[in-house]
Amino acid sequence: MTLELLFATNNLNKVREAEFVLNKFGISLKTITVSKIEIQSNSLREIAIYAARSAYRAVRRPIIVEDSGLFIDALNGFPGPYSSYVYKTIGLNGILKLLDGVLNRKARFEAVVALAVNENDIYVFEGYVEGYISSEIKGSSGFGFDPIFIPIGCSETFGEMDIAKKTSYSHRGRAFRELGIWLTNNRDKVLIQDKAL
Ligand code: ITT
């Protein structure tokens, strides 16, 4: 039987990629746009845990959230937790401008998925991918910073990959595979909580 989990997010690209991974584990997602509280913090983990608890309080059912970001070495980890805001403001061209003439183009994407089974039991699954910022914008698949991020060992940006290829490398793919594995062994934790309510 398929397990349906709630996912609190406003980003439907995250949902597409998460579902692509979780469907293989017999899990489907129902997206809800509850106004989860995003604290200001330098730690994605802290932000995700707080958001998961606040989303749980809103629906009183097991629920997941995901917080992610792009961390650029030469910019001391910027934009990190501020990735969403930075994408909307200076965008891809702004990042390329900041790195104009910079030789060290190392960067990493990180994703933290937090599953709140109840207010106190919050399970965290993390994934990251190391790579480089490209010198130009390439590709139109995916979202956000995909067209300027090349994972290590690849010659294409995430923006040039289809969803199967991107999720095989990506931070999100890794974090959601961890969640899928965990749920395979702990399905009852989510079901029991669900039934009790
Ligand atoms: P929710 O908080 O509603 O889930 P959001 O897009 O605001 O959606 P975050 O606060 O986690 O999510 O911001 C993450 C940002 O990092 C995202 O908006 C992108 O700009 C960037 N990002 C994260 N994962 C990415 C990926 O796989 N490809 C490209 N950019 C990504």
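Only a predicted model underlies this, so the values are computations on that prediction, with no experimental measurement involved. Start at 1 and go down the list; that is how both ligands and their atoms are numbered.
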Return yes if some donor-acceptor pair links the side-chain N/O of Arg105 with the main-chain N/O of Ile133 below 3.5 Å, else return no. yes
Examine ligand 1 and decide if any of its atoms is less than 4.0 Å from a heavy atom belonging to Leu70. no
Looking at Phe145 versus Tyr87, is the centre-to-centre ring distance below 6.0 Å? yes
What orientation do Phe158 and Phe149 show, parallel under 30°, tilted 30 to 60°, or perpendicular over 60°? tilted
Under 3.5 Å between some N or O of ligand 1 and some N or O of Phe145? yes
Quick test of your reading of the model: are Glu17 and Arg172 salt-bridged, counting only N-O distances below 4.0 Å? yes
Donor-acceptor under 3.5 Å (Asn118 side chain, Asp121 main chain): yes
By number and element, which atoms of ligand 1 are closer than 4.0 Å to a non-hydrogen atom of Arg172? 23 (C), 24 (N), 25 (C), 26 (C), 27 (O)
Atoms in ligand 1 with a heavy atom of Gly144 nearer than 4.0 Å: 29 (C), 30 (N)
Side chains of Ser68 and Glu66: do they bring a donor and an acceptor to under 3.5 Å? yes
Below 3.5 Å, N or O to N or O, backbone or side chain included: is there any such pair between Tyr87 and ligand 1? no
Contacting atoms of ligand 1, where contact means under 4.0 angstrom from a heavy atom of Asp146: 26 (C), 27 (O), 28 (N), 29 (C)
Which is closest to atom 31 (C) of ligand 1 by heavy-atom distance: Tyr85, Phe149, Phe158, Phe109? Phe109
From the candidates Lys166, Glu17, Lys14, the one that places a heavy atom nearest atom 26 (C) of ligand 1: Lys166
Please tell me whether Phe176 and Phe125 form a close aromatic pair, meaning their ring centres lie under 6.0 Å apart. no
One finds that the ligand 1 atoms under 4.0 Å from a non-hydrogen atom of Thr9 are 1 (P), 3 (O), 4 (O), 8 (O)
